[in-house]
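The next block holds one structure in the form of structure tokens; read it before the comments.
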Amino acid sequence: MEKPIAAPSSRGATITLAMLCIVYVLNFLDRQLISILAKPIQDALDVSDGQLGMITGFYFACFYCVIAIPIGWLADRTNRVRVLSVACALWSAATAACGLAGSYGQLVAARMMVGVGEAGGVPPSYAIISDSFPRERRTTAMAIFNLGPPIGSALGVAFGASLAAAFDWRIPFYVIGAIGVVTAAAVYILVREPARGQKDGPVQASRADVAPIGLAATIAQFFRNPLLLMASLASGAGNFITYGLLNFTTLFLMREKGMTLSDVAVWYALVIAIGMGGGIYASGRIVDRFAARSKAAYATVPAISLILALPFFLGFVWAPTWQLALAFLCVPMFLNSFFLSATVTFVQGEVPSERRVISGALLLLVMNFVGLGLGPTYVGMASDFFRPTHGVHALQAAYYALAPMYLIGAALFLLLARLIRRSERRHQGAL
């Protein structure tokens, strides 16, 4: 294993976090472009809602989730910054290739390559952040990093929709792909590899001295741990809601609420930036505060957020005008992603430092296969199913069918909280 660089200064950690956040912005922007430009893509390539759900969900997730495992295992044994830089260059080039697609099959192939590249983006970033910030600041740092999705989505809506409205739907893919390749080079130059485990306490540091184990044993150890397994399933349910909603929101607002692409570029972008961005940052501060008393806060806070979001989600689906729909949407946008930083920080704190990338990849395997793979696929297929009886309101019926997942997700997080409390009692009894 390559010798890591010594502990970074506070300024160095800040620069690292800023660069990783920029990469995550591009990661999510690239991932969401097809959803944002769904209407013109459907018109140009004759794509159904079900096909749209498959390409933004199942097809993408199959490559994204599976490839993340060997990449995570490799990154734990090599330079994580270099892995991230190469991955960013690959998915950016594949994003540009999406703009060249002349058929649905070609678009699927390009999207699969985006998934391969993005598989090497988030897990190494989780580990780099965990080794750059102390435990008491880690959830807030993760929350800042996780501003990538709302910022990426907002920029994608504003920038992508504006370019598509002014020129053509293919142009945003070319422009954003080129920006990503330049960013990959900047990461390679500016971000330094931190020493593994340098910011952990003595207990975690002692765990970092355990002998390395093989990939199969690491995977088995992760899924045999009931805390890690339940955290993965609960976050998967949360992601099912997030992607099931986000991947069709632009299409829903245009088709059923009467918004134009220019309206979407301004108003929906603001809802994402303020609602989701504010929620993710607030969740980090809230969880850091309550987790200092009990680690169960990593689960109870997301459970409460999902329960509170449900009635406002139903109001968004019901609203007769797009203005009222966006007003309702602000609340679930704020609350839906409370689980993200909490779950990631919890898992990173439960594993030895030299297994953080692969553990993050395993978390994402479950989180994104359930959420990204099945969420949009479910909503798209439900829309096709309801079309004969609901006509132009089929997507509205599909969103109503998504609502029970809020309760399922909350129940899983409450079960995780129970397991965490039981583990804490056993630990205290052993002292």
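- No more than 12 heavy-atom neighbours from other residues, nucleotides or ligands sit within 6.0 angstrom of CE on M381.
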Margin query: Please evaluate residues L324 and W318 with respect to the criterion side chain to side chain contact (heavy atoms under 4.5 Å, CB included), reporting the C-alpha separation (whole Å), side-chain torsions for both, the decisive distance (0.1 Å), and the verdict.
Written below: CA-CA 9 Å; L324 184 59; W318 160 85; 3.9 Å; yes
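- Remark: aromatic rings of F316 and F252 are close, center separation under 6.0 Å.
- Look at D263 and K257 and you find no salt bridge, because none of the NZ, NE, NH1 or NH2 atoms lies under 4.0 Å from a carboxylate O.
- With a 4.5 Å cut-off on side-chain heavy atoms, I128 and P194 count as touching.
- Enclosure of atom CZ in F385 is not indicated, since only 12 or fewer non-hydrogen atoms of other residues, nucleotides or ligands lie within 6.0 angstrom.
- With a 4.5 Å cut-off on side-chain heavy atoms, N239 and Y243 count as touching.
- The heavy-atom pair separating V370 from F240 by the smallest distance is O-CD1, 3.3 Å.
- With hydrogens and angles left out, the side-chain atoms of N336 and Y406 include a donor and acceptor closer than 3.5 Å.
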Checklist line | Chi angles and distances behind the side chain to side chain contact (heavy atoms under 4.5 Å, CB included) call for T249, L329 | finding: CA-CA 10 Å; T249 303; L329 184 60; 4.1 Å; yes
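- Other residues, nucleotides and ligands contribute more than 12 heavy atoms inside 6.0 Å of the CG atom of D43.
- Between L365 atom CG and F222 atom CZ the span is 8.5 Å, to the nearest 0.5 Å.
- A donor-acceptor pair under 3.5 Å links the side-chain atoms of D384 to the main chain of G50, judged by distance alone.
- Of the possible donor and acceptor atoms, one in the side chain of S235 sits under 3.5 Å from a partner among the backbone N and O of S232.
- Heavy-atom minimum distance, M19 versus A186: CE-CB, 3.9 Å.
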Margin query: Checking Y268 against M333 for the side chain to side chain contact (heavy atoms under 4.5 Å, CB included) test, could you report, in this order, the C-alpha distance in whole Å, the side-chain angles of both residues, the deciding distance, and whether it holds?
Written below: CA-CA 11 Å; Y268 178 48; M333 277 291 182; 3.7 Å; yes
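- Once rounded to the nearest 0.5 Å, the distance linking CG of L374 with CZ of F369 reads 5.0 Å.
- At a threshold of 4.5 Å between non-hydrogen side-chain atoms, the residues F28 and I151 do not count as touching.
- Contact check for I41 versus L107: side-chain heavy atoms found under the 4.5 Å cut-off.
- L310 has its side chain out of reach of L306: every pair of non-hydrogen atoms, C-beta onward, lies at least 4.5 Å apart.
- The main-chain N or O of V81 is never found under 3.5 Å from a side-chain atom of R192 such that the two would form a donor-acceptor pair.
- A87 and G121 make their closest contact through CB-N, 4.2 Å (heavy atoms, listed as atom of the first residue, atom of the second, distance).
- Between F346 and L363, the closest side-chain pair of non-hydrogen atoms is not below 4.5 Å.
- Atom CZ of F386 is surrounded by more than 12 heavy atoms from other residues, nucleotides or ligands within 6.0 Å.
- One finds the CG atom of L84 at 6.0 Å from the CG atom of L20 (value rounded to the nearest 0.5 Å).
- Between Q42 and D49 the shortest heavy-atom distance is NE2-OD1, 3.0 Å.
- Side chain of S305 to main chain of P302: a donor-acceptor pair is present (N/O by atom type, distance under 3.5 Å, no hydrogens or angles).
- Taking CD1 from I286 and OG from S341, the interatomic distance works out to 11.0 Å, rounded to the nearest 0.5 Å.
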Next item on the list: Carefully, step by step, assess Q348 and I129 under the rule side chain to side chain contact (heavy atoms under 4.5 Å, CB included).
Entry: CA-CA 10 Å; Q348 293 285 294; I129 291 170; over 6 Å; no
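- Although no hydrogens or angles enter the test, the distance criterion places a donor-acceptor pair under 3.5 Å between the side chain of E256 and the main chain of Q396.
- No side-chain donor-acceptor contact under 3.5 Å links Q51 to the backbone of V47.
- The two residues L326 and W267 come nearest to each other via the heavy atoms CD1-CB, 3.7 Å.
- The local environment of OH in Y104 is crowded, with over 12 non-hydrogen atoms from other residues, nucleotides or ligands closer than 6.0 Å.
- Expressed to the nearest 0.5 Å, how far CD1 of I22 lies from CG of L29 amounts to 13.0 Å.
- Heavy atoms only, all atoms of each residue included: T343 and A231 are closest at CG2-O, 3.6 Å.
- Taking 4.5 Å as the limit, some side-chain heavy atom of L245 sits within range of a side-chain heavy atom of F313.
- Taking CD1 of I55 as the start and SG of C98 as the end, the distance is 7.0 Å to the nearest 0.5 Å.
- Side chain of Y298 to backbone of T345: no donor-acceptor contact under 3.5 angstrom is found.
- Counting heavy atoms from C-beta on, the side chains of L37 and P172 come closer than 4.5 Å.
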